[in-house]
Amino acid sequence: MSTPQPPMPQTAAPNWQAAPGAPYPVYTSPIPVKRTHLGHALASEWTKIRSVRSTMWTLGVFIVLVVGIGLATAALVAANAPDSDLAGENPLSFGFFGLLLGIMCIMTLGVLTTASEYGTGMIRTTMTACPSRGRVLLAKGIVFFAVAFTVTLVSAFVVALADVSILSAAREPSGEEWLKGTVGVSLFIALLGLLSLLVGSIIRHSAGAITIMIGVLLAPLVIALFMFSESLEDLRQALFEYSIPNQLSAFYSQSLTDTGPSGWDPLWIMLVVTAAAFAGAYALLEKRDV
């Protein structure tokens, strides 16, 4: 004996209405349709970058390296160097060592922000949700740059305050030195991370893009160290001057050479290189299949 089934609720009939001047009715969806814009893409990319474990791990290691090595270097110098040797030193410059190692974390996160989606196939879902590929690339870049700059600025500022306190025998940094040693290096490192993101979009392979960026970071300086021929002296000098470690040290007025980029020059160089990489990544993204 079957149990009597309750009557099913009747669904509303589709709303078919004739458009003005149309010979036949068209369907009007009851769901409101909104025109998407960059804000939606930014919200999507922010959700992605803050919800994956790689972000927490890479930024966590970055903070440990920058703060830990920066404070350890200052403490070691304060314990072993006489006050007379520190009299003319800029105490902010001792944060350089932690930032140099921490750069690799920012570059890794930049690559993973784009390349990991190609590895998992998530990029197809992203492009389906937002067919405007340029908007997706721009949103990824904006969100990543904001995260990288904020984390680097906070870490560099904490190290700078601590180093000035630990190295009391050193001179007081000027206002411009404070600006370059905190905001300047943060912009430079964030742009380098953004360049890594664009290389990840171009290469579409996490390991390959990370390898390329580590080579960009270290190869020029290492190659220059083994150039002993006098005929290669000009090339050796250029590799020294434009290597990333030397450009980073320029923000602390501690350049490895007497010539080459100084002051804010490294920031403008990195800005031009990143803009060129963005143009290339955008062109390839529009041309290739996902």
Side-chain angles (χ1 to χ4, degrees), residues 37-39 41-42 44-46 48-49 99-100 102-118 123 126-127 130 132-153 156 179-180 182-206 208-221 238-239 241-251 260-288 290:
H37 51 73
L38 180 61
L42 290 173
S44 174
E45 295 303 326
W46 168 243
K48 291 179 190 177
I49 200 170
L99 287 170
L100 183 59
I103 281 177
M104 288 187 284
C105 298
I106 297 296
M107 291 193 308
T108 300
L109 181 60
V111 169
L112 293 177
T113 301
T114 50
S116 62
E117 288 200 40
Y118 287 97
I123 190 65
T126 299
M127 294 304 180
C130 182
S132 177
R133 299 183 178 187
R135 184 187 300 169
V136 171
L137 185 62
L138 181 60
K140 286 181 180 294
I142 292 174
V143 170
F144 172 81
F145 182 85
V147 171
F149 173 74
T150 302
V151 174
T152 306
L153 179 61
L179 187 63
K180 291 195 298 182
T182 53
V183 177
V185 295
S186 299
L187 288 172
F188 181 82
I189 292 175
L191 282 173
L192 184 58
L194 182 57
L195 177 62
S196 304
L197 181 149
L198 298 169
V199 170
S201 177
I202 294 171
I203 302 300
R204 297 186 173 187
H205 190 275
S206 298
I210 291 173
T211 302
I212 290 174
M213 290 310 301
I214 292 178
V216 170
L217 174 64
L218 300 177
L221 188 59
L239 289 174
E241 291 175 353
Y242 292 96
S243 66
I244 290 177
N246 185 60
Q247 293 192 59
L248 184 64
S249 67
F251 287 98
S262 60
W264 294 94
D265 293 344
L267 185 61
W268 310 132
I269 294 173
M270 186 57 63
L271 185 62
V272 171
V273 172
T274 304
F278 186 91
Y282 174 77
L284 290 174
L285 188 62
E286 290 288 338
K287 183 177 180 181
R288 296 188 295 187
V290 294

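Small disclaimer: the values here were computed from a predicted structure and weren't measured.
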Does Val111 reach the side chain of Val199, with side-chain heavy atoms less than 4.5 Å apart?
-> no
Just wondering, do Leu195 and Met213 contact through their side chains at under 4.5 Å, heavy atoms?
-> yes
Side chain to side chain contact (heavy atoms under 4.5 Å, CB included) between Phe149 and Leu191, worked out | CA-CA 8 Å; Phe149 173 74; Leu191 282 173; over 6 Å; no
Would you call Thr126 and Glu45 a side-chain contact if the rule is heavy atoms closer than 4.5 Å?
-> yes
Donor-acceptor contact below 3.5 Å, side chain Thr114 vs main chain Leu197 | yes
Within-4.5 Å side-chain heavy-atom neighbours: Leu221 and Asn246 | no
CG of Leu198 to CG of Leu284, rounded to nearest 0.5 Å, is 11.0 Å
Taking all non-hydrogen atoms of both residues into account, name the closest pair between Ser186 and Thr152 and its distance.
-> OG-C, 3.5 Å
At their closest point, which heavy atom of Gly200 faces which heavy atom of Ala209, and how far apart are they?
-> CA-CB, 3.9 Å
Would you sort out whether Tyr118 and His205 count as a side chain to side chain contact (heavy atoms under 4.5 Å, CB included), showing the intermediate values?
-> CA-CA 7 Å; Tyr118 287 97; His205 190 275; over 6 Å; no
Does atom CH2 of Trp264 have more than 12 heavy-atom neighbours, drawn from other residues, nucleotides or ligands, at distances under 6.0 Å?
-> yes
Shortest non-hydrogen separation from Pro266 to Phe251 and the atoms involved | CB-CE1, 3.9 Å
Inter-residue atom distance Leu42.CG - Leu138.CG, 0.5 Å rounding = 7.0 Å
How about Ile103 and Leu248: do any of their side-chain heavy atoms sit closer than 4.5 Å?
-> yes
In terms of heavy-atom contacts, does OH of Tyr282 have more than 12 from other residues, nucleotides or ligands at under 6.0 Å?
-> no
Give the minimum heavy-atom separation between Lys140 and Thr113, together with the two atoms involved.
-> NZ-O, 3.5 Å
Distance col, row Thr274:OG1 vs Ile269:CD1, nearest 0.5 angstrom, shows 11.5 Å
Looking only at non-hydrogen atoms, find the nearest pair between Ala148 and Ile106 and report the distance.
-> CB-CG2, 4.2 Å
Do you know the tightest heavy-atom contact between Arg133 and Met127?
-> CG-SD, 3.7 Å
Calculate, to the nearest 0.5 Å, the distance between atoms OH and CG belonging to Tyr242 and Asp265 respectively.
-> 8.0 Å
Side-chain donor or acceptor of Ser44 paired with backbone N/O of Ala41 under 3.5 Å = no
Give, for atom CG of Leu100 and atom CD1 of Ile244, the distance between the pair rounded to the nearest 0.5 Å.
-> 9.5 Å
Can you tell me how far the CG atom of Leu271 sits from the CZ atom of Phe188, to the nearest 0.5 Å?
-> 11.5 Å
Find out whether Lys48 and Val143 are in side-chain contact, i.e. whether some heavy atom of one side chain is under 4.5 Å from a heavy atom of the other.
-> no
Donor-acceptor under 3.5 Å (Ser196 side chain, Leu192 main chain) = yes
